[in-house]
Amino acid sequence: MDTSINFYELKTQLADIGFHEPAIVDQLREAMYTEYNYASLYTEKENTRFQINLDKDYTGAFSFDTYDAILTSGDQLRDQVFSPNVPVSEAIQLLHGRLQRPDVTADIAGSPMNRQETRVSLGLSPNDHNEPLKQINNPDEQFVHKSQNPMNTQNVEFLKKALLNLGFGEQVNAALEKQIKAKTPEFTLAAKHEFNQQKVDHTLHFKAGENQEMYFFNKFDTTLDKGKEKEQNQTFYINKGNGITAKEAFNLMEGRAVHKQLFNKEGEGYHAWLQLDDKNLTQNGNKEIKRFNENYGFDLESVLKDKGIKELNTPEGTDNLFRSLKKGNAQQVTIERNGEEKKYFISASPQYKTIDLYDHQMKKIKREELLQPEQKQSTSQRQSNNQKQGKQQKEELPGKKQSRKSKLSV
């Protein structure tokens, strides 16, 4: 299926049940190009957190699988997985009803609740979808009970998906389940990566809520091994399963910038370029993070336009290049110049509203190397024309010595 069609269909399906925030649309657009066979979108409504789960089929098209809803109030927590046909308003109503009954929790080991089950739990007619929602005193009589399972399997699956989305794979899954099953209040797990032949170590931090029904992945510490050079350390914080990925953490610690979606205190999404500040540290020794939002004025597309970059000649090549640069990668590009091709590496430099340019050994070179081919050719042509014109003028001059005034007029 064409990516644009797949995007439009999912956007419509999500909007139909109540997920129509611009932040969701932005996340969906970015997810369409992920290399993984799954993707998760995040949003929050009426104190309820949502994780929208997308799965990719063998054709490469995404489908809306389920969505998770989590409502917290103080030390109380209610969560449930819903089928794609359940409106968000009904999911919120269901969880708020459960919150009124401390003795009731969801059957977390069960299958997702469909529309009919949700409506029956709300005391509504299972088939009359036009019937308005109403407040009820005893929701979920038919579909919820005290879980006898010692481990919140839904919470574990949520954390596993978050780890996958953040680039940690499945390397800590077994240890994660063991710690949660043992109800360890707080624990760390070790993960390893190797990027660009550099070893990277991570320490992942998990902590249980007050009632230990829910565990949270709060942050991870990253150590970049620079060989004989001093080790670099940085802590990255996770917000509702969303944040800097393992590869993006590496790119940030290498000094490059990453483009991310962030959320303000009101839960509204916005995009900004992030870069570590080598000159300013927090109290715990972390490097401060510089943010350059859309109002700062850095437009990557405008910077790269008309520079003779071969990858920008096709929509697919353009999408791949911009996506890679926004993840903080130093991406190889091919410059077409005077009938010849030359390869460079480039990375975004939002603070100075430009790009950094590297040779094949990743050594920085002058940005002027990336001049527009037509400009280079026109400059050379002007020099050639000037030389021809000068030669012609000299041939037209008489043999006697010219005055200073004549020379100046030439």
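On a predicted model such as this, the values are computed, not experimentally measured, just so you know. What's counted below: heavy atoms across the whole structure, side chains too, no hydrogens, waters or symmetry copies.
- A donor-acceptor pair under 3.5 Å links the side-chain atoms of K307 to the main chain of K305, judged by distance alone.
- With salt bridges taken as basic N to acidic carboxylate O contacts below 4.0 Å, none links E336 and K342.
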**Verdict with reasoning, F19 to F50, per ring pair (Phe, Tyr, Trp, His ring centres under 6.0 Å)** = CA-CA 10 Å; F19 291 119; F50 293 92; 5.4 Å; yes
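- The aromatic ring centroids of F217 and F206 lie less than 6.0 Å from each other.
- When atom types are taken as modelled, the side chain of Y67 and the backbone of V86 share a donor-acceptor pair closer than 3.5 angstrom.
- For NZ of K11, the number of neighbouring non-hydrogen atoms (other residues, nucleotides, ligands) closer than 6.0 Å is 12 at most.
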Quiz item: After noting the C-alpha distance and the side-chain angles of E194 and V200, does the key distance pass the side chain to side chain contact (heavy atoms under 4.5 Å, CB included) rule?
Solution: CA-CA 6 Å; E194 184 172 324; V200 185; over 6 Å; no
Walk me through it: do R98 and Q80 pass the test side-chain hydrogen bond (donor to acceptor under 3.5 Å, both in side chains)?
-> CA-CA 10 Å; R98 287 179 178 171; Q80 179 63 52; 3.1 Å; yes
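- Classification of E248 and K260 as a salt-bridged pair holds, one side-chain N sitting under 4.0 Å from a carboxylate O.
- With a 6.0 Å radius and a threshold of 12 heavy atoms from other residues, nucleotides or ligands, Q13 has its CD atom above the threshold.
- Classification of E90 and R115 as a salt-bridged pair holds, one side-chain N sitting under 4.0 Å from a carboxylate O.
- Applying the ring pair (Phe, Tyr, Trp, His ring centres under 6.0 Å) criterion to F220, with sequence neighbours excluded, gives F168, H202, F236.
- The shortest side-chain heavy-atom distance between L224 and Q198 falls under the 4.5 Å cut-off.
- Among all heavy-atom pairs drawn from S347 and R256, the shortest one is CB-CD, 3.7 Å.
- The CE atom of M253 sits 6.0 Å away from the CD atom of Q234 when rounded to the nearest 0.5 Å.
- Among all heavy-atom pairs drawn from A246 and F195, the shortest one is O-CE1, 3.8 Å.
- Looking at residues two or more places apart in sequence or on another chain, you find a salt bridge (Lys or Arg N to Asp or Glu O under 4.0 Å) between K310 and E341.
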From CA spacing to verdict: side chain to side chain contact (heavy atoms under 4.5 Å, CB included), I92, N47 | CA-CA 9 Å; I92 293 175; N47 298 322; over 6 Å; no
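- Of all heavy-atom pairs between A348 and A257, the closest is O-CB, 4.1 Å.
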- Message: Checking T184 against Q179 for the side-chain hydrogen bond (donor to acceptor under 3.5 Å, both in side chains) test, could you report, in this order, the C-alpha distance in whole Å, the side-chain angles of both residues, the deciding distance, and whether it holds?
- Response: CA-CA 6 Å; T184 308; Q179 294 288 348; 2.8 Å; yes
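- The shortest non-hydrogen separation linking G18 to K45 is O-NZ, 3.1 Å.
- Put simply, CG on N320 and OG1 on T314 are 8.0 Å apart, with the number rounded to the nearest 0.5 Å.
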D201 vs H193, side-chain hydrogen bond (donor to acceptor under 3.5 Å, both in side chains): CA-CA, chis, key distance, verdict:
CA-CA 6 Å; D201 295 316; H193 279 104; over 6 Å; no
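- A distance-only check finds no donor-acceptor pair linking the side chain of E170 to the backbone of L164 [under 3.5 Å].
- For the pair L274/R291, a side-chain contact is recorded, criterion being any heavy-atom separation below 4.5 Å from C-beta on.
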Could you walk me through whether D65 and L54 satisfy the side chain to side chain contact (heavy atoms under 4.5 Å, CB included) test, starting with their C-alpha distance in whole Å, then the side-chain angles of each, then the deciding distance to 0.1 Å, before giving a yes or no?
CA-CA 5 Å; D65 182 34; L54 309 178; over 6 Å; no
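- By the ring pair (Phe, Tyr, Trp, His ring centres under 6.0 Å) test, H271 is found to be paired with H259, residues two or more places apart in sequence or in another chain being considered.
- Side-chain polar atoms of H205 and D221 form a donor-acceptor pair below 3.5 angstrom.
- Within the 4.5 Å cutoff, the side chain of F187 has heavy atoms near those of the I180 side chain.
- Proximity of N173 to L159: side-chain heavy atoms (C-beta onward) are nowhere separated by under 4.5 Å.
- Looking at N114 and F82, their side chains never come closer than 4.5 Å, going by heavy atoms from C-beta outward.
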Practice prompt. Go through K343 and T334 one step at a time and tell me if the side-chain hydrogen bond (donor to acceptor under 3.5 Å, both in side chains) criterion holds.
Written response: CA-CA 5 Å; K343 295 187 180 298; T334 305; 2.9 Å; yes
TODO: Report the C-alpha separation of I346 and L304 in whole Å, then their side-chain angles, then the decisive distance to 0.1 Å, and conclude whether the side chain to side chain contact (heavy atoms under 4.5 Å, CB included) test is met.
DONE: CA-CA 10 Å; I346 62 173; L304 298 180; 4.0 Å; yes
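- Under a cut-off of 6.0 angstrom, the local environment of CD in E21 is crowded, with over 12 non-hydrogen atoms contributed by other residues, nucleotides or ligands.
- Inter-residue side-chain proximity for L28 and L41 is flagged as met; some heavy-atom pair is nearer than 4.5 Å.
- Only one option out of N53, D79, I52, N155 pairs with D68 in a side-chain contact (heavy atoms from CB on, under 4.5 Å); it is N53.
- Under the 4.5 Å side-chain criterion, counting only non-hydrogen atoms from C-beta, T222 is not in contact with N233.
- From K247, atom NZ reaches atom NZ of K327 across 9.5 Å, with rounding to the nearest 0.5 Å.
- Summarising the geometry, atom CG belonging to L166 is positioned 7.0 Å from atom OG1 belonging to T245; distances are rounded to the nearest 0.5 Å.
- In this structure, L300 and F322 have side chains that are in contact, with non-hydrogen atoms separated by less than 4.5 Å.
- Taking 4.0 Å as the cut-off between side-chain N and carboxylate O, D277 and K287 do not count as a salt-bridged pair.
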Pair E177, K160 - check salt bridge (charged side-chain N to carboxylate O under 4.0 Å, His left out), show working. CA-CA 10 Å; E177 289 187 9; K160 286 181 179 179; 2.3 Å; yes
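- The environment of OH in Y296 is crowded: more than 12 heavy-atom neighbours from other residues, nucleotides or ligands sit within 6.0 Å.
- Distance check, rounded to the nearest 0.5 Å: NZ of K326 to CG of L321 gives 10.5 Å.
- Listed for the N284 side chain is a donor-acceptor partner under 3.5 Å among the backbone atoms of N286.
- Between M32 atom CE and D319 atom CG the span is 11.5 Å, to the nearest 0.5 Å.
- Contact detail for N293 and A272: the closest heavy-atom pair is CA-CB, 3.9 Å.
- Considering all non-hydrogen atoms of both residues, F62 and N6 come closest at N-OD1, 2.7 Å.
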